[in-house]
Visitor: 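Got a structure here, written out as structure tokens. Questions coming.
So that the names make sense, note that chain A is the first sequence line, chain B the second, and so on, each numbered from 1. This structure is a prediction, so every number in the text was calculated from the model and none was measured.
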Protein chains: 2
Amino acid sequence: MDLSPTAYVILGMLRDGPRCGYEIKSAVDNSTRFFWAASYGQIYPELRKLSEAGLIEGRPDARGDRKRVEFKLTAAGRGELGSWLRRPPETFELRDEGLLKLFFSGAVEPEDAAATLRAMREHHRAVVERLREIEPNATAAGDGYPLLVLRGGIEYNEWLADWCERMERDVLAEPAEERSA
Amino acid sequence: MDLSPTAYVILGMLRDGPRCGYEIKSAVDNSTRFFWAASYGQIYPELRKLSEAGLIEGRPDARGDRKRVEFKLTAAGRGELGSWLRRPPETFELRDEGLLKLFFSGAVEPEDAAATLRAMREHHRAVVERLREIEPNATAAGDGYPLLVLRGGIEYNEWLADWCERMERDVLAEPAEERSA
DNA sequence: GCATGCATGTAAGGAGTTACATGATTCA
DNA sequence: TGAATCATGTAACTCCTTACATGCATGC
């Protein structure tokens, strides 16, 4: 079967118990969003489609007068999740405006390139902070994979921040024009 | 001024001399595409818009009967490029299907998680190979920034591949269920 | 003569974000 | 009572990719 990218995040988020759209969204925001985001504009229409395809099942579960629909995987949905997890990953995409600016920095002063690197570094440091905050969540998960991924994210952002720091020094020490000579 | 993301790649690619759309596309494919891609479907319409906005200027430059239009930055275009380069970067996006699969791997066997990591590792190793092939291009550039970015890309993909290797060992050594205990 | 590369473009569609609209509940 | 949180959903829009269409030039 060939589902939309977002469909798999949803199936995955339902892997150990029912959840409503709102909870799926916040689970994503507190975990996968650093490498796989999803917005309400995708989630709700996708829940409907998955439901129609028989991969998930919704059950009304109002809290008082506030309505709420809880979705859970069907057998078919669990099968589809497993078969996707066993296929090799295809998508790896990076979109880094900082690197793009750095790439073109021959058109500006070395100080400007250094400022770009500084901004990049600060961004990655901030992500590290945020990930450390989330760590307790991941620790509480049913299996160890979310924690493994989270710790990977911390190391990854630290590596990136360190790279930025090194390059900042390089760029200020020997401006690019000299280095290329 | 507020231009589309693709607009800046184009302005940047014109930073040291005129180029036609086809050349911009192949320059992107041989350099920035690993962190900032662009397709013909974006490039040609954007060239028109930038031209209408007075940031670039097209000059017909047919090669025999094969038509060709060469674009170069106007003074305004060069100004806009510089002002963008001096603003801090905003976009950093990662979309990694492998990490997503790994995150949900509690639903499959440890061997499946290891297979995902192996595929990820192979991908990053292959990118390293490809980047090494491109290295001579970057070395030839007018300033040192493209080379700095390229070498960063090599280190980055090597780091990722190594991380995958480490995690592959971890996952096989102590399955996730135990680790979380 | 044919494949590959050079060169320009468009149409259709998929994917995703933002902003909006609506309304209940909870807690300070 | 008012802010934050829970909860569902849609409309408009941007961005981007893929596939197609066209045709000349070059080199084997």
Visitor: Would you indicate, yes or no, if D/dT8 has its OP1 or OP2 atom less than 4.0 angstrom from a side-chain nitrogen or oxygen of A/Tyr22?
Guide: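 Indeed not, no polar side-chain atom of A/Tyr22 lies that close.
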Visitor: Given atom CZ of B/Arg95 and atom P of D/dC15, what is their separation to the nearest angstrom?
Guide: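 Taking atom P of D/dC15 as the reference, CZ of B/Arg95 is at 17 Å.
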Visitor: Taking the nucleotide of DNA chain C with the closest heavy atom to each, which residue, A/Arg63 or A/Leu3, is nearer the 5' end?
Guide: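 On the 5' side of the pair lies A/Leu3.
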Visitor: Whole Å only: how far is the CD atom of A/Glu70 from the P atom of D/dA7?
Guide: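 These atoms are roughly 10 Å apart.
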Visitor: Would you say CD of B/Glu90 has more than 12 non-hydrogen atoms from neighbouring residues, nucleotides or ligands within 6.0 angstrom?
Guide: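 At most 12 heavy atoms, drawn from other residues, nucleotides or ligands, come within 6.0 Å of this atom.
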Visitor: How close or far is atom P of C/dG5 from atom CG of B/Asp29, stated in whole angstroms?
Guide: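 That distance rounds to 13 Å.
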Visitor: NA contact type, A/Ser26, heavy-atom cut-off 4.0 Å: base, sugar-phosphate, or nothing?
Guide: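 Contact class for A/Ser26: none.
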Visitor: Of the nucleotides C/dT18, C/dA7, C/dT25, which has the atom closest to the A/Ser39 side chain?
Guide: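 Selected nucleotide (nearest to the side chain): C/dT18.
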Visitor: So, B/Phe92 versus A/His124, ring centres under 6.0 angstrom or not?
Guide: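 Yes.
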Visitor: If you only use heavy atoms from C-beta on, which nucleotide in D/dT8, C/dT25, D/dA7 is closest to the side chain of A/Asp65?
Guide: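 For the A/Asp65 side chain, the nearest candidate turns out to be C/dT25.
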Visitor: Mind calculating the distance between CZ (B/Arg66) and C1' (C/dG9) to the nearest angstrom?
Guide: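 In whole Å, C/dG9 C1' and B/Arg66 CZ are 15 Å from each other.
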Visitor: Measure the spacing between CG of B/Asp16 and CZ of A/Phe104 and express it to the nearest 0.5 Å.
Guide: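 Spacing of CG (B/Asp16) from CZ (A/Phe104) equals 9.5 Å.
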Visitor: Strictly below 4.0 Å: does A/Thr6 bring a side-chain N or O up to OP1 or OP2 of C/dA15?
Guide: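 Checking A/Thr6 against C/dA15: no side-chain N or O falls below 4.0 Å of OP1 or OP2.
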Visitor: Rounding to a whole Å, what distance do you find between B/Tyr44:OH and D/dA21:C1'?
Guide: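 Atom OH in B/Tyr44 sits about 14 Å away from atom C1' in D/dA21.
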Visitor: Does A/Tyr40 place a side-chain N or O at less than 4.0 Å from the phosphate oxygens OP1/OP2 of D/dG9?
Guide: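 For A/Tyr40, the contact criterion (side-chain N or O under 4.0 Å from OP1 or OP2 of D/dG9) is not met.
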Visitor: Count the heavy atoms belonging to other residues, nucleotides or ligands that lie under 6.0 Å from CD of B/Glu109, then report whether that count exceeds 12.
Guide: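 Atom CD in B/Glu109 is not crowded, with 12 or fewer foreign heavy atoms closer than 6.0 Å.
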Visitor: Starting at atom NZ of A/Lys67, determine the distance to atom C1' of C/dT22, rounded to an integer number of angstrom.
Guide: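 Distance, rounded to whole Å: 10 Å.
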Visitor: It should be established whether A/Gln42 places a side-chain nitrogen or oxygen under 4.0 Å from OP1 or OP2 of nucleotide C/dT17.
Guide: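 A/Gln42 to C/dT17 OP1/OP2: side-chain N or O found under 4.0 Å.
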Visitor: Nearest whole Å is fine: how far is D/dT10 C1' from A/Lys25 NZ?
Guide: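 For the pair A/Lys25 NZ and D/dT10 C1', the rounded distance is 16 Å.
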Visitor: Round to the nearest Å and state the distance from A/Arg19 atom CZ to D/dT8 atom P.
Guide: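 Answer to the nearest Å: 13 Å.
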Visitor: If you count heavy atoms of other groups shown closer than 6.0 angstrom to CZ of B/Arg166, is the number above 12?
Guide: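 Yes, the 6.0 Å shell around CZ holds more than 12 heavy atoms from other groups.
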